There are 2 protein chains.
Amino acid sequence: MARMDPVARRARILEAGRAVALRQGLAATTVRDIAAEMGSSPGLVHHYVDSMDGLLAEVFELVAREGLETTRAAVASSGSPCEALRAFFSTSLRPGHGTAFQLWLDAWAEAARRPELGATSRRLNIEWQSVLVGIIEDGVAAGEFRCAEPESAAWRLLSLLDGLVLQMVAHDISFSDDDVMTWVAGSAERELGLAPGALTHPDAVLRLAPDRSSTPSTSSTPATSHTRSPSEAAS
Amino acid sequence: MARMDPVARRARILEAGRAVALRQGLAATTVRDIAAEMGSSPGLVHHYVDSMDGLLAEVFELVAREGLETTRAAVASSGSPCEALRAFFSTSLRPGHGTAFQLWLDAWAEAARRPELGATSRRLNIEWQSVLVGIIEDGVAAGEFRCAEPESAAWRLLSLLDGLVLQMVAHDISFSDDDVMTWVAGSAERELGLAPGALTHPDAVLRLAPDRSSTPSTSSTPATSHTRSPSEAAS
DNA sequence: TGCTTCGTTGAGCAAGTGTCCAACAAGCGG
DNA sequence: CCGCTTGTTGGACACTTGCTCAACGAAGCA
């Protein structure tokens, strides 16, 4: 292979690792696979990387951070806390997330056996939760959400989301991305004192509603419903 | 090693596999480890087992079914749907569940690469959800729960539980078994139209409350609360 | 042109993996 | 006592893994 600038070569290795990991899973990624992916030799990979554990941790971080930044960007460009919440959930469920989610499954399982991967997984997981905490706190400050404990509420919503996606990816359970979106949004409405449908109502366009910030919806008087409305999603 | 009856030997192999898998995880379990665990040779294992995939699937089923039957028994001996729900959640969170939960993590991750293990994981997962569906339907029939879609409600509750336990086991996140119990019970109350505290109120002893069936609590008029009460759990 | 630097090679090592199988021996009917 | 069935052995095979390292050769400079 052609001689390369060290930093470019290192990036190339991670990129190749990304491709291999997305194709066959993090736990089944080998040094030789990565070398073959970029048409090079195993020795070269180890010239830039100390251990397989560290390499897998870096590859995982590359993929996971990509998703995290996508979500962060969508959240940041949202006009309201409700819109930010929707953006958080919908970017977490975008098509193609399934193959990336396999990396999370591998990271969770391997965390007990690969220290660096475990530490990276833990760190990114907390970053992800922090984004959600930020949205909730913004919403509470704006008077749109009611939540006594944003930290634990974020863990509950994130865990529900992870658990549902897990069912779709690991087993191929009979519900869809849309179902998951509806259910998580519904849980968020109850968790944050929103009116049912505030996050799922069809009149709110999923992503872009530039004139929405001027009409802070109905959040001021959420004292209407008591039990969960069955919602209109057919499972 | 001493000669053994084939069915006893087979059981012994699975028992040894169980011990190894609980110690070092399903994905790190090898034929030689299992043979060494029972003081025997690798060849013997393969004399009773077709492939490693099948062996891991059987070991996983052994452990998972053990937990499932514990939960089933606790649910069956409950006097009311509410008590059954509490039993379902508390048996899913009993001490030592953490090491068994690692097997679930491994099964979910390996499901994509080991067909038999994947099929077993899927099957047991659905059995677990069925138990929950049964509880909900019983509660609805008894007029204690209100739930339009028991199937999807069970998936939501189970996913929340899995997601939260996952955070505790894979990462060592800062909430406890008690927090998870409180949160999942609270979610179940909202999901099933119960009054806040119906599942977590301290006057209900966690497991055994034999005189509770005569007083069907307050579930007949659940039209009181609208937003989530902050609950008393300090995260 | 020669020399140094350094990214790159790929064979090779030691330690694994699942799997197979010829040999062994314990129990048992004769 | 023998011979047969059959559970058991453990070495061996083919393969994969992470990792090393002496050798190579392209680029840059004098």
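Computed from a predicted structure; not experimentally measured. In what follows, chains carry the letters A, B, and so on, assigned in the order in which the sequence lines appear, proteins first and then strands, with residues in each chain numbered from 1.
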Is any side-chain N or O of A:H46 closer than 4.0 Å to OP1 or OP2 of D:dC19? yes
Ranking D:dG18, C:dT9, D:dT8 by distance to the side chain of A:L44, first place goes to C:dT9
Test item: side-chain donor near acceptor, A:Q167 and B:Q129, under 3.5 Å: no
Would you say the side chain of B:R3 and the base of D:dT6 hold a donor-acceptor pair, judged only by whether the two atoms sit under 3.5 Å apart? yes
Rounded to whole Å, how long is the line connecting atom CE of B:M52 with atom P of C:dG18? 5 Å
Nearest of C:dG18, D:dG7, C:dT8 to any side-chain atom of B:T30? C:dG18
Any side-chain N or O of B:S40 under 4.0 Å from OP1/OP2 of D:dT9? yes
In whole angstroms, how far is the C1' atom of C:dG10 from the CE atom of A:M38? 14 Å
When the nearest nucleotide of DNA chain D is assigned to A:D50 and to B:V45 on a heavy-atom basis, which residue is associated with the more 5' position? B:V45
Taking C:dG10, D:dG18, D:dT8 as options, the one with an atom nearest any side-chain atom of A:P42 is C:dG10
Is A:R86 salt-bridged to A:E83, cutoff N-O under 4.0 Å? no
OP1 or OP2 of C:dG10 less than 4.0 angstrom from a side-chain nitrogen or oxygen of A:S41, does that happen here? no
Any B:Y48 side-chain N or O less than 4.0 Å from OP1/OP2 of D:dT8: yes
Has the side chain of B:R32 got a donor or acceptor that lies under 3.5 Å from a partner of the other kind on the base of C:dG18? yes
Taking atom C1' of D:dC19 as reference, at what distance in whole Å does atom CD1 of A:I34 sit? 14 Å
Taking CZ from A:R9 and C1' from C:dC6, how many angstroms apart are they, rounded to a whole number? 13 Å
How many angstroms lie between atom OG1 of A:T200 and atom CG of A:D178, to the nearest 0.5 angstrom? 11.5 Å
